[in-house]
Amino acid sequence: MKSTREACIDLCNFQMEYLVMITTGTTVEDNETNLETCKRFCGACPTFKTNKLEKFPPQALFCARGKSSTAENARSSACYCPACELFTKDHLNIGHFCTKG
Ligand code: SF4
Ligand code: SF4
C-alpha cells in the first residue's frame with residue numbers, strides 16, 4: 001500500500017503529464033511505423049469500416065494527419081484509439097480523430 005507521500009507524488013506526476021499534453025498538443029509522427037500501428041486499430045474500427053475512410057484522404061493516422069476529408073458526412077460510432085499504443089505513448093485523449101481532427 002502506498003504512503004500518502006507516494007500517492008501525492010503519483011498525482012503530481014499525472015498532473016505534469018497532463019500539462020505537457022495540453023501545452024504541446026499531439027506528438028504523433030506521420031511515419032511508416034505509426035501508420036502500420038494505426039492500421040491495426042483504425043483499420044478494424046466500425047467507424048472506419050462503415051464510412052470507408054480508406055477511400056478519403058488522409059486515409060489513416062488521423063491523430064497525426066488530421067480528420068478525414070469526409071468527416072462532415074461520416075457517421076461516428078465506436079473508436080478503437082484508446083486501445084492503440086500510440087494513444088497511450090503520446091498522451092492522447094478522447095479519440096475519434098477521424099471525424100473531430
Ligand atoms: S491513436 Fe487512433 S488515429 Fe492515432 S494511430 Fe492510434 S488508432 Fe490511429
Ligand atoms: S480515429 Fe478512432 S473512430 Fe476514427 S477510424 Fe480511428 S479508431 Fe475509428
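Whatever order the structure lists them in is the order used to number ligands and atoms, beginning at 1.
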Under 4.0 Å from a heavy atom of Cys81: which atoms of ligand 1 are those, numbered in the order shown and with their elements?
1 (S), 2 (Fe), 3 (S), 7 (S)
4.0 Å heavy-atom contact, Gly95 with ligand 2
no
Would you mind running through ligand 2 and noting each atom that sits below 4.0 Å from a heavy atom of Cys79?
2 (Fe), 3 (S), 7 (S)
Can you sort out which atoms of ligand 2 are near Cys45, meaning under 4.0 Å from one of its heavy atoms?
3 (S), 5 (S), 7 (S), 8 (Fe)
On a heavy-atom basis, the closest approach of Tyr80 and Ala44 is CE2-O, 3.3 Å
Side chain Asp90, main chain Leu92, donor-acceptor under 3.5 Å:
no
To the nearest 0.5 Å, atom CD1 of Ile94 lies from atom CZ of Phe87 at 8.0 Å
Phe97: numbered ligand 2 atoms lying under 4.0 Å from its heavy atoms
1 (S)
Over 12 foreign heavy atoms within 6.0 Å of CD, Glu36
yes
At their closest point, which heavy atom of Ser69 faces which heavy atom of Pro58, and how far apart are they?
N-CD, 4.4 Å
Do any N or O atoms from the side chain of Asp30 and from the backbone of Arg65 form a donor-acceptor pair under 3.5 angstrom?
no
Which ligand 1 atoms are under 4.0 Å away from a heavy-atom of Phe62?
3 (S)
Please list, in number order, the atoms of ligand 1 under 4.0 Å from a heavy atom of Cys84.
1 (S), 5 (S), 6 (Fe), 7 (S)
Search all heavy atoms of Ala64 against all heavy atoms of Val28 and return the closest pair with its distance.
CB-O, 3.4 Å
Leu61 heavy atoms within 4.0 Å reach ligand 1 at atoms 5 (S)
Starting from atom 7 (S) of ligand 2, locate the nearest protein heavy atom and write down its residue, its atom name and how far away it is, to 0.1 Å.
Tyr80 N, 3.2 Å
What residue and heavy atom of the protein are closest to atom 4 (Fe) of ligand 2, and at what distance?
Cys98 SG, 2.3 Å
Heavy-atom closest contact (Leu61 atom, Asn34 atom, distance):
CD1-O, 3.6 Å
Within the 4.0 Å heavy-atom shell around Cys42, which atoms of ligand 1 are there?
3 (S), 7 (S), 8 (Fe)
Do any N/O/S atoms of Cys38 come under 2.8 Å of atom 6 (Fe) of ligand 1?
no
With heavy atoms under 4.0 Å as the rule, classify the contact between Ala78 and ligand 2 as side chain, backbone, both or neither.
backbone
Any donor-acceptor pair under 3.5 Å from Ser68 side chain to Thr99 backbone
no
Sub-4.0 Å atoms of ligand 1 with respect to non-hydrogen atoms of Phe41:
7 (S)
How close do Phe56 and Thr70 get, heavy atom to heavy atom, and via which atoms?
CD1-CG2, 3.6 Å
Ligand-side contact atoms (ligand 2) for residue partner His96, heavy atom cut-off under 4.0 Å:
2 (Fe), 3 (S)
Leu86 near ligand 1 by a heavy-atom separation under 4.0 Å:
yes
